Asks: 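Would you mind keeping the following structure in view while I ask a few things?
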Amino acid sequence: MNVLNPVRTIPLLPWSAERPAWTWQRPVTLAVLFLGLWLFGTGEAGLINAGLGNTPWTVLAQGIARQTPLDIGTATIVISIVVLLGWIPLRQRPGIGTVANVIVIGVAIDVMTHVVPHPHALVLRGAQAALAIVTVGLGSAFYLTANLGPGPRDGWMTGINRRFGYPIAGVRASIELTVLVVGFVLGGTAGVATIAFALLIGYCLALILRVFVALRPAEEPVPATDPA
């Protein structure tokens with residue numbers, strides 16, 4: 001039953017970086033980082049192709065685009081810059097993973113939207129949206145445990161978690177719901193999958209991290225010292 005209890009913070013795992021995030025890393029650490037980012041982008045592509053609503057951050061970009069002369073792409077860039085400025089009071093530091101996040105996820109979305117199905121039946125669309133949320137959670141779990149720096153938006157989650165001790169599931173849900181509400185008020189378009197993503201992605205991430213921890217090889221016991 002402990003596996004069903006989500007973790008409160010990002011754990012260190014056998015593949016986590018053992019060196020500062022800007023130095024040369026083990027191949028396994030880099031492989032986990034890029035695997036996680038590609039899975040993240042694949043999940044985003046699945047959500048887009050399901051047609052039941054995009055992520056809350058996309059809703060926010062749409063809302064800003066409707067209230068300003070900016071298009072959605074430019075609004076997304078502006079949001080990313082503002083989010084990165086929000087790292088300063090949280091003392092969150094970027095790393096290789098931060099840069100890779102911006103590049104790899106974007107490429108993965110472009111590629112995988114042509115690979116992931118475009119279902120027409122409502123049941124299949126709902127199933128794909130649910131699987132997409134789990135895939136984003138799995139990808140997040142992999143790339144965050146690589147310990148090479150979070151993406152711009154995940155940096156708020158990890159920064160708040162580290163500074164104030166709030167559990168990552170609650171922090172992520174609070175951020176996503178706030179972004180969703182602001183984006184919707186500004187005129188962004190939300191769907192049932194958008195709401196589901198905002199409510200579930202934090203818990204999904206924390207639950208997958210719990211599974212990772214449960215499957216982590218146990219450390220070998222330290223031999224007892226002879227008092228003599």
Side-chain angles (χ1 to χ4, degrees), residues 6-23 25-26 28-44 55-58 60-61 76-109 133-179 197-198 200-213:
V7 300
R8 294 179 61 86
T9 189
I10 306 297
L12 292 178
L13 295 169
W15 56 74
S16 298
E18 300 173 349
R19 302 176 180 178
W22 288 109
T23 59
Q25 302 295 330
R26 296 176 297 160
V28 65
T29 302
L30 295 174
V32 169
L33 170 67
F34 286 102
L35 170 64
L37 294 175
W38 193 267
L39 285 173
F40 193 117
T42 300
E44 290 256 19
T55 64
W57 290 96
T58 301
L60 178 60
T76 300
I77 294 173
V78 171
I79 291 170
S80 296
I81 294 172
V82 173
V83 168
L84 286 172
L85 291 175
W87 282 26
I88 297 175
L90 295 174
R91 299 177 184 175
Q92 180 70 56
R93 296 181 178 180
I96 298 172
T98 308
V99 178
N101 182 286
V102 176
I103 299 172
V104 177
I105 291 180
V107 173
I109 292 175
I133 293 173
V134 174
T135 303
V136 171
L138 180 61
S140 299
F142 273 122
Y143 104 82
L144 288 172
T145 53
N147 199 30
L148 291 175
R153 297 163 181 81
D154 285 333
W156 276 9
M157 176 186 68
T158 56
I160 293 172
N161 169 256
R162 188 185 66 256
R163 287 209 63 187
F164 303 105
Y166 300 134
I168 56 173
V171 173
R172 182 65 178 270
S174 299
I175 292 172
E176 297 289 342
L177 286 171
T178 301
V179 168
F197 185 96
L200 299 176
I201 188 59
Y203 182 79
C204 181
L205 167 61
L207 191 61
I208 291 172
L209 289 173
R210 171 60 67 188
V211 174
F212 282 2
V213 170

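Note that the structure is a prediction, hence the values are computed from the model and not measured. Here, residue 1 is the first one in the sequence, and each next residue gets the next number.
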Asks: Any idea which heavy atoms bring Gln92 and Gly155 closest together, and the distance?
Replies: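 Heavy atoms only, the tightest pair is OE1-O, 3.4 Å.
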Asks: Tell me, do Ile168 and Leu209 make a side-chain contact under 4.5 Å, heavy atoms counted?
Replies: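 Sidechains of Leu209 and Ile168: in contact.
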Asks: Counting only N and O atoms by type, is there a donor-acceptor contact under 3.5 Å from the side chain of Arg8 to the main-chain atoms of Asn161?
Replies: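 Such a contact is absent between Arg8 side chain and Asn161 backbone.
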Asks: Would you confirm whether the ring centroid of Phe142 sits within less than 6.0 angstrom of the ring centroid of Phe212?
Replies: yes
Asks: With a 4.5 Å heavy-atom cut-off, do Ser16 and Leu13 have their side chains touching?
Replies: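 They are in contact (side-chain heavy atoms under 4.5 Å apart), so the answer is yes.
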Asks: Using 0.5 Å steps for rounding, measure from the CD1 atom of Ile103 to the OG1 atom of Thr98.
Replies: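 Answer rounded to 0.5 Å: 11.0 Å.
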Asks: Measuring from atom CG of Leu148 to atom CD of Gln25, what distance do you get when rounded to the nearest 0.5 angstrom?
Replies: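 Reported to 0.5 Å precision, the distance equals 4.5 Å.
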Asks: Using the test side chain to side chain donor-acceptor pair (under 3.5 Å), find all partners of Thr145 that sit at least two apart in sequence or belong to another chain.
Replies: Trp15
Asks: Once rounded to the nearest 0.5 Å, what's the spacing between atom CD1 of Ile81 and atom OG1 of Thr76?
Replies: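 The distance works out to 11.0 Å.
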Asks: With sequence neighbours left out, write down each residue that passes side chain to side chain donor-acceptor pair (under 3.5 Å) with Thr29, or none if nothing qualifies.
Replies: Arg26
Asks: If we ignore hydrogens and angles and just use 3.5 Å, is the side chain of Arg91 paired with the main-chain N or O of Arg163 as donor and acceptor?
Replies: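 No, because the side chain of Arg91 does not come within donor-acceptor range (under 3.5 Å) of the backbone of Arg163.
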Asks: What I'd like to find out is whether the side chain of Val171 reaches to under 4.5 Å of the side chain of Phe164, using heavy atoms alone.
Replies: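 Sidechains of Phe164 and Val171: no contact.
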Asks: When you measure from the side chain of Tyr143 to the backbone N and O of Gly151, does any donor-acceptor pair fall under 3.5 Å?
Replies: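 Yes, because the side chain of Tyr143 sits within donor-acceptor range (under 3.5 Å) of the backbone of Gly151.
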Asks: Do Glu176 and Trp57 touch side chain to side chain, with heavy atoms closer than 4.5 Å?
Replies: yes
Asks: Looking at side-chain heavy atoms only, is the closest gap between Asn101 and Pro150 below 4.5 Å?
Replies: no
Asks: At their closest point, which heavy atom of Ala141 faces which heavy atom of Ile208, and how far apart are they?
Replies: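 Shortest heavy-atom contact: CB-CG2, 3.7 Å.
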Asks: For Leu84, give me all partners under side-chain contact (heavy atoms from CB on, under 4.5 Å), at least two apart in sequence or on another chain.
Replies: Trp87, Pro152
Asks: So Arg172 and Asp154, do their side chains get closer than 4.5 Å, heavy atoms only?
Replies: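 Sidechains of Arg172 and Asp154: in contact.
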Asks: Hey, are the side chains of Ile175 and Arg153 touching, using non-hydrogen atoms and a 4.5 Å cut-off?
Replies: no
Asks: Specify the closest pair of heavy atoms between Ala169 and Ala206, including all atoms of both residues, with the distance to one decimal.
Replies: CB-CB, 4.0 Å
Asks: Does any non-hydrogen side-chain atom of Met157 lie less than 4.5 Å from one of Leu205?
Replies: yes
Asks: I need the minimum non-hydrogen distance between Pro56 and Val179, along with the two atoms involved.
Replies: O-CG1, 3.4 Å
Asks: Backbone N or O of Glu18 within a donor-acceptor pair of the Asn147 side chain at under 3.5 Å?
Replies: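 No; zero donor-acceptor contacts below 3.5 Å.
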Asks: What's the spacing between Leu207 CG and Leu138 CG if we round to 0.5 Å?
Replies: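 Leu207 atom CG to Leu138 atom CG measures 11.5 Å (nearest 0.5 Å).
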Asks: Measure the spacing between OH of Tyr166 and CD1 of Ile160 and express it to the nearest 0.5 Å.
Replies: 9.0 Å
Asks: Let me confirm one number: the CD1-CD distance from Ile109 to Glu44, rounded to the nearest 0.5 Å.
Replies: 4.5 Å
